[in-house]
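Take a look at the structure below.
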Amino acid sequence: MQEQQKIINIAVIAHVDAGKSTLVDAFLSQSGVFRENEDVSERIMDSDDIERERGITIYSKNCSVMHGDVKINIVDTPGHADFSSEVERIMKTVDTVILLVDSSEGPMPQTRFVLQKSLEQGLNPILLINKIDKKDARIDEVVDEVYELFMDLNANDEQLDFPILYGIARQGIVVRDPAEAMDVEVQVGDTKVKKNTSGGQNGLSIAPLFETIIDHCKAYPDRREEPLQFQVSALAYDDYIGRLGVGRVTRGKIKEGQTVAVTKADGSVVQRKINQVFVYRGMKRTAVPEAECGDIVVVSGIADISIGETICDPAHPEAMEMIHIEEPTLSMNFMVNKSPFAGKSGKYVTSRHLKERLEKELEVNVGLLVEPLDTTDGFKVSGRGELHLSILLENMRREGYEIAVSKPEVIMHKSAEGHLQEPVERVVISAPTQYSGTIISKLSLRKGIMLTMNEVEGYVHLEYLVPTRGLLGYRSEFINDTHGEGTFVRRFEEFQDHKGDIPQRTNGAIIAQEDGVATGYALFNIGERAQMFVVPGTKIYEGMIVGENSRSDDMVVNPCKAKKQTNMRASGSDDAIRLSPPRIFTLEEALEWINDDELVEVVPDDIRLRKKLLHELERRRSGRF
């Protein structure tokens, strides 16, 4: 019998911006995956447009490299808490994880979450302290903090005996002792040395990491003669071959054209036929006649396959434990756009289009929940956070959809005793000390409870538990309060008893009185009492929000008012008017800003804010009765 190929599956896990995708670049470039003359972009695994624009990983992705005679499948995971469902489900497909920790920041809230999931699966992690070239690196302290984190998470003795490596991922360097990388040039004067994940500086590379993976983790055992068992841990979609199931073959072999049994979530067993089987070779998904146990494979042909279901030998239908995904914490209403500008820029504007698109998203986005509203023109969409839902909205907007979106609402729970409970998040803040008073004051108003406070070299490090309701709309305030110098990290902690009323936005809205085109003359006069959101020449409709009032009440104005011509001067001679720059919202900022009686109108070429009731008389009636 032919000898089984040695296979090790690893996941790279870390907090946002710790260097996961850059490390995967180094794996690929130092394994001969690319030709010498091949033009390779940075963070090659972040293939989605939004991932490239924002510099974050949103979807878990697979690739493979060869080191000697060992095939190493690598999963690049998201670091943002809103996409943690992507991390939860791939833990069953890997043999070990590489935990990346920033040499300056140390373990962050999301580090705790991803490490906890890997320890629960019984994995023995490898610790890699990254960015050891930072001026404010505190390597020894960070290693101690990681040990404390392992102990807090009840790691066993074997898990606590983790190997420790040190690296500069952007230069493709990993060492066993930080002193080995002392002479690596990372900066010349004020200029950083160009990123070079292919390594080679001072003869250093990521070879120690390859060696540690192979020494630390045994290759997958030979279970080829046992009956097939393969659990689907992720889904993908191909326009030509339909829905794809991704996961690891736990035992046996899987072949193209094979008839299999699929054990469903409800316990039923159905027979299906596999069309094609793919494995990863480098970055490419390659069709093969059969794949063996231990490998991460992609199968096509089962149109109704779902996450957590097990594909088995028909004679031995043995289901694996279903994959548990944590519940959503935030919901928004996605509705058909009914503004006066509806249908002017989008291709998909009906509730049927909206329903089809959300159903398609549910096929691959397991952290999402979609429920129809009482009305026929919308859906309640629940997810893991504002970013999780706003990425979906941004993708839909780019695809040509028009949607009206309500203010995000926190999903409440009832405890066993019948108490109302709400989600609470752990917030870690680092900001210049002079802003600490403002931050503490605002988080206290939002029912935040301080856990720790440390001051180091002019920066204050705060850790809080804050209700999710209290954090809605706070990010933009925080950026303004710290003049863009602070960092603000959050992740879901637990459900706690309801915290009572939390103050909402204190400033009122400036609402347009009529349809038309905004004029500089009108905006100049309104701008004395408000911050504007529009510029001269912007098309306006009645009920659209054009600015933020300096006071707490809403104000109805006419931003289309033109200066009349008189015998003293012409209406077109107002070149001397100087307007303050308008506030331009990103999608997340717009969702944070609105109140319960307002909507965000999301269309392919614009993001507008509006009142739910466009006419002033309707708004007055609704307030009166």
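If you're wondering where the values come from, they're calculated on a predicted model, not measured in any experiment.
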Shortest non-hydrogen contact between [X] and [Y], atoms and distance:
X      : Y      : value
Leu523 : Leu579 : C-CD2, 3.9 Å
Val101 : Pro107 : CG1-N, 3.7 Å
Met450 : Tyr464 : CE-OH, 3.3 Å
Arg384 : Pro328 : CD-CA, 4.1 Å
Ile411 : Pro423 : O-CD, 3.4 Å
Met544 : Leu609 : CG-O, 3.6 Å

With a 3.5 Å cut-off and no angle check, do the side chains of [X] and [Y] form a donor-acceptor pair?
X      : Y      : answer
Glu425 : Thr468 : yes
Tyr348 : Glu356 : no
Ser415 : Gln421 : no

Notebook entry, point to check: Does Pro559 reach the side chain of Val534, with side-chain heavy atoms less than 4.5 Å apart?
Noted result: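 Pro559 does not reach Val534 side chain to side chain.
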Item checked: Within-4.5 Å side-chain heavy-atom neighbours: Val546 and Thr538 ->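 When only atoms from C-beta onward are counted, Thr538 and Val546 do not touch, as no gap falls below 4.5 Å.
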Using modelled atom types only, decide if a donor and an acceptor are shared between the side chain of [X] and the backbone of [Y] within a distance under 3.5 Å.
X      : Y      : answer
Asn507 : Asn549 : yes
Arg610 : Leu599 : no
Thr93  : Gly247 : no
Asn337 : Ser339 : yes
Thr433 : Gly458 : yes
Ser441 : Gly437 : no
Ser331 : Lys380 : no
Glu514 : Glu542 : no
Glu409 : Asn333 : no

Note to self: As an exercise, state the distance from NZ of Lys131 to CG of Leu100, rounded to the nearest 0.5 Å.
What the structure shows: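 CG of Leu100 is found 9.0 Å from NZ of Lys131.
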Next item on the list: Kindly compute the distance separating CZ (Phe478) from CG (Leu471), expressed to the nearest 0.5 Å.
Entry: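 CG of Leu471 is found 11.5 Å from CZ of Phe478.
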Salt bridge or not between [X] and [Y]? Use side-chain N to carboxylate O under 4.0 Å.
X      : Y      : answer
Glu477 : Arg446 : yes
Arg621 : Glu618 : no
Lys338 : Asp377 : yes
Arg583 : Glu589 : no

Check: Under the side-chain contact (heavy atoms from CB on, under 4.5 Å) criterion, do Val600 and Phe585 qualify, and how do the steps go?
Finding: CA-CA 11 Å; Val600 179; Phe585 285 99; over 6 Å; no
Check: How would you list, by chain and number, every residue that makes a side chain to side chain donor-acceptor pair (under 3.5 Å) with Arg426, sequence neighbours excluded?
Finding: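 With sequence neighbours excluded, Arg426 shows a side chain to side chain donor-acceptor pair (under 3.5 Å) to Glu463, Glu493, given in chain and number order.
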Validation: residues 340-347 side-chain donor-acceptor distances under 3.5 Å, sequence neighbours left out:
{"unit_1": "Ser345", "atom_1": "OG", "unit_2": "Asp605", "atom_2": "OD1", "d": "3.2"}

Are more than 12 heavy atoms, taken from residues, nucleotides or ligands other than [X], located less than 6.0 Å from that residue's [atom1] atom?
X      : atom1 : answer
Asp374 : CG    : no
Glu321 : CD    : no
Lys355 : NZ    : no

Notebook entry, point to check: Checking side-chain hydrogen bond (donor to acceptor under 3.5 Å, both in side chains) against Glu422, which of Arg469, Gln496, Lys447, His413 comes through?
Noted result: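 Testing Glu422 for a side-chain hydrogen bond (donor to acceptor under 3.5 Å, both in side chains) against Arg469, Gln496, Lys447, His413 leaves exactly one candidate, Arg469.
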Next item on the list: Give the intermediate values and the outcome of salt bridge (Lys or Arg N to Asp or Glu O under 4.0 Å) for residues Arg397 and Glu394.
Entry: CA-CA 5 Å; Arg397 181 168 88 93; Glu394 182 64 33; 3.2 Å; yes
Next item on the list: Verify side-chain contact (heavy atoms from CB on, under 4.5 Å) between Glu399 and Arg357, making sure each step is shown before the conclusion.
Entry: CA-CA 10 Å; Glu399 291 164 17; Arg357 178 62 180 83; 2.7 Å; yes
Notebook entry, point to check: Should Leu235 and Ile305 be marked as a side-chain contact (heavy atoms from CB on, under 4.5 Å) after you check the CA-CA gap, both sets of side-chain angles, and the distance that decides it?
Noted result: CA-CA 8 Å; Leu235 297 171; Ile305 195 73; 3.9 Å; yes
Next item on the list: Test Leu99 against every option in Val12, Leu149, Ile13 by the side chain to side chain contact (heavy atoms under 4.5 Å, CB included) rule and name the one that passes.
Entry: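 Between Leu99 and the candidates, side chain to side chain contact (heavy atoms under 4.5 Å, CB included) is satisfied uniquely by Ile13.
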Notebook entry, point to check: According to the side-chain hydrogen bond (donor to acceptor under 3.5 Å, both in side chains) rule, which pairs have a member within residues 552-561, sequence neighbours left out?
Noted result: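 Matches after skipping sequence neighbours: Asp554-Lys611.
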